[in-house]
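Notes follow the structure.
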Amino acid sequence: MSQPPPVAVYRSNAHLAHAGLVELLAGRQIPCYESPERAVAIERALLGAGGYELREPQAFGLEPILAVHDRTLVDVVEHAWTDALAAGADGSHPLIPDTFKLAAYSGPMEPLALPSAAHLRLGAFCFDTATPMVAGTAAAARAAVDVALSAAHAVVDGAALAYGLCRPPGHHAARAMLGGYCFYNNAAIAAEWLRRDGGFARVAMLDIDYHHGNGTQQLFWERGDVLYCSLHADPARAYPYFSGFASERGAGAGEGLTRNFPLPADTSLDGYADALSEALDAVAAFDPDAPLVVSLGFDTFERDPIGDLALRTADYAEIGRAIGGMGPRTVVLQEGGYAVDAIGANAVAFLGGLREGREAG
Ligand code: OKP
Ligand code: ZN
């Protein structure tokens with residue numbers, strides 16, 4: 001038997017400057033769970049495990065981002081920090097909006113004018129107080145997209161599997177809205193690229209982060225060519241609260257192509273594997289011709305500081321095997337996971353299982 005080729009791990013150091021982050025949680029200011037150490041730990045663990053090769057992403061520019069997000073959102077991400085500095089901010093603390101423009105604010109009054117300074121518009125494009133911006137945020141968000149697109153390219157060019165170590169994550173970012181530590185929806189941008197430029201007709205996305213990917217769901221809600229399946233903590237008790245219920249199934253051409261699997265607290269591998277197998281059946285029934293796009297989160301881990309599910313490190317190998325056994329080529333993109341001491345081992349377990357599943361399946 002010949003040695004399998006190393007799996008490409010796309011990563012960029014640009015994320016290191018998306019740092020010094022704080023978030024507002026239940027009225028308190030705390031250090032942001034979404035830290036640079038997360039990605040550093042994954043990178044180290046994969047290098048230590050062997051069989052992985054770190055690669056720098058290619059730069060794809062804003063065009064593939066604008067295929068998914070409104071220019072109004074991109075403008076805010078790109079200019080909020082520099083406009084705040086130009087207006088006299090000293091740059092010593094992250095930018096977090098304090099005023100949110102809900103649909104209920106405008107009622108019938110749309111369109112309302114917005115301030116021309118991007119930092120003053122931020123609250124019209126953000127849904128929570130957990131998504132701080134600093135000097136390095138915009139470049140990090142762009143690099144995370146480049147990481148995702150580079151991984152998608154690698155698989156289209158023939159690799160069975162590529163991993164994009166995206167940071168910041170992306171699945172909470174919607175067409176014109178950031179939040180949940182996310183600015184640009186890396187996975188959605190990769191999926192849309194597979195459709196438009198990769199020459200594929202049907203893309204399936206599997207989201208196994210602890211949280212519902214509200215952004216990804218919104219982006220493909222009415223799309224007949226993209227299936228979105230998500231396993232996550234029941235929004236009846238967990239962030240983002242306003243989406244991810246099983247009753248949400250898409251609309252129009254996308255009717256039935258959004259599939260949500262809300263999970264109870266303390267779900268361990270047994271319950272998780274049942275939901276996963278239903279989701280994988282939905283993927284198989286959709287019959288995608290494109291590589292599978294996986295939004296991967298390790299906040300389902302038993303000791304995750306913001307999750308309440310009960311998966312263990314070895315379970316990620318099982319989950320990886322189940323997904324790998326499906327057969328299609330796979331683009332795996334990192335979303336959440338906040339137990340920094342375990343996140344590396346969890347990544348090694350998941351990707352190792354995925355490789356085994358492919359070889360066995
Ligand atoms: C991003 B990803 C709940 C606070 C939630 C934001 C969580 C963002 C998760 N008490 N804060 O999906 O891992
Ligand atoms: Zn999450």
Side-chain angles (χ1 to χ4, degrees), residues 60 62-74 103 110 125 127 145 148-149 151-153 155-156 170-180 182 184-209 211-232 235 240 242-262 275-295 323 326-333 335:
F60 293 92
L62 291 180
E63 195 187 312
I65 299 177
L66 289 165
V68 161
H69 292 293
D70 264 18
R71 186 174 287 281
T72 53
L73 174 73
V74 176
E110 289 289 357
F125 296 90
F127 73 95
V145 170
L149 288 170
H153 272 261
V155 170
V156 168
H171 71 155
H172 296 300
R175 180 164 303 282
M177 185 179 76
L178 59 89
C182 302
Y184 297 142
N185 194 319
N186 310 308
I189 293 165
E192 184 67 17
W193 179 82
L194 287 168
R195 273 288 292 118
R196 290 195 190 198
D197 301 287
F200 298 100
R202 288 177 310 284
V203 185
M205 304 182 74
L206 177 67
D207 189 332
I208 55 171
D209 184 274
H211 302 94
H212 180 240
N214 60 289
T216 311
Q217 174 171 298
Q218 187 221 65
L219 285 162
F220 298 117
W221 184 248
E222 295 183 297
R223 290 275 294 265
D225 53 346
V226 179
L227 173 73
Y228 177 63
C229 291
S230 179
L231 278 66
H232 48 262
F242 313 136
S243 64
F245 295 94
S247 53
E248 296 157 24
R249 295 177 56 92
E255 172 95 59
L257 299 183
T258 288
R259 295 292 307 275
N260 287 312
F261 300 89
L276 180 63
S277 111
E278 263 194 78
L280 292 179
D281 286 349
V283 170
F286 182 64
D287 189 28
D289 58 347
L292 178 67
V293 177
V294 176
S295 270
I323 297 170
M326 293 261 302
R329 289 184 283 165
T330 309
V331 182
V332 177
L333 302 175
E335 302 282 357

So, [X] side chain and [Y] main chain: donor-acceptor pair closer than 3.5 Å or not?
{"X": "Glu335", "Y": "Gly170", "answer": "yes"}
{"X": "Asp70", "Y": "Leu73", "answer": "no"}
{"X": "Ser295", "Y": "Val293", "answer": "no"}
{"X": "Arg329", "Y": "Val155", "answer": "yes"}

Would you say the side chain of [Y] lies within less than 4.5 Å of the side chain of [X], judging by non-hydrogen atoms?
{"X": "Arg195", "Y": "Trp193", "value": "no"}
{"X": "Leu257", "Y": "Val226", "value": "no"}
{"X": "Leu178", "Y": "Phe127", "value": "no"}
{"X": "Glu248", "Y": "Ser243", "value": "yes"}
{"X": "Pro240", "Y": "Pro235", "value": "no"}

The criterion is side chain to side chain donor-acceptor pair (under 3.5 Å); which residues satisfy it with [X], sequence neighbours excluded?
{"X": "His69", "result": "none"}
{"X": "Gln218", "result": "none"}
{"X": "Asn214", "result": "His172"}
{"X": "His232", "result": "Ser230"}

Where is the tightest heavy-atom contact between Leu219 and Val68, given as atom of each residue plus distance? CD2-O, 3.3 Å
Residues in side chain to side chain contact (heavy atoms under 4.5 Å, CB included) contact with Ala190, at least two apart in sequence or another chain: Ala148, Ala152, Leu333
Can you name the residues that form a side chain to side chain contact (heavy atoms under 4.5 Å, CB included) with Leu66, not counting sequence neighbours?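 Counting only residues at least two positions away or on another chain, Leu66 forms a side chain to side chain contact (heavy atoms under 4.5 Å, CB included) with Leu62, Arg71, Val74.
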What residues form a ring-ring contact (aromatic ring centres under 6.0 Å, His included) with Phe125, not counting sequence neighbours? none
Glu110: partners by salt bridge (Lys or Arg N to Asp or Glu O under 4.0 Å), with sequence neighbours left out: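 Glu110 satisfies salt bridge (Lys or Arg N to Asp or Glu O under 4.0 Å) with Lys101 only.
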Hey, could you give me the CG/OG1 distance between Leu227 and Thr258, rounded to the nearest 0.5 Å?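 Rounded to the nearest 0.5 Å, the CG-OG1 separation comes to 8.0 Å.
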Measure the CZ-CG distance between Phe220 and Asp225 for me, rounded to the nearest 0.5 Å.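 One gets 8.0 Å once the value is rounded to the nearest 0.5 Å.
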Which donor-acceptor pairs under 3.5 Å do the side chains of residues 249-256 make with protein atoms, sequence neighbours left out?
none

Mind checking whether Phe245 and His212 have ring centres under 6.0 Å apart?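 Not close enough - the centres of the two rings lie 6.0 Å or further apart.
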With Tyr228, which of Asp207, Asn260, Thr216 fulfils side chain to side chain donor-acceptor pair (under 3.5 Å)?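 For Tyr228, the side chain to side chain donor-acceptor pair (under 3.5 Å) check succeeds only for Asp207.
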Only pairs at least two apart or in different chains count here, so list each salt bridge (Lys or Arg N to Asp or Glu O under 4.0 Å) that has a residue in residues 184-194.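 Sorted pair list: Glu192-Arg196, Glu192-Arg223.
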Atom pairs and distances, donor-acceptor, side-chain atoms in residues 276-289, under 3.5 Å, two or more places apart:
{"from": "Asp289", "atom 1": "OD1", "to": "Ala201", "atom 2": "N", "distance (Å)": "3.1"}
{"from": "Asp289", "atom 1": "OD1", "to": "Arg202", "atom 2": "N", "distance (Å)": "2.8"}
{"from": "Asp289", "atom 1": "OD2", "to": "Ala201", "atom 2": "N", "distance (Å)": "3.0"}

Check the pair Leu292, Val331 against side chain to side chain contact (heavy atoms under 4.5 Å, CB included), reporting the backbone distance first and the verdict last. CA-CA 6 Å; Leu292 178 67; Val331 182; over 6 Å; no
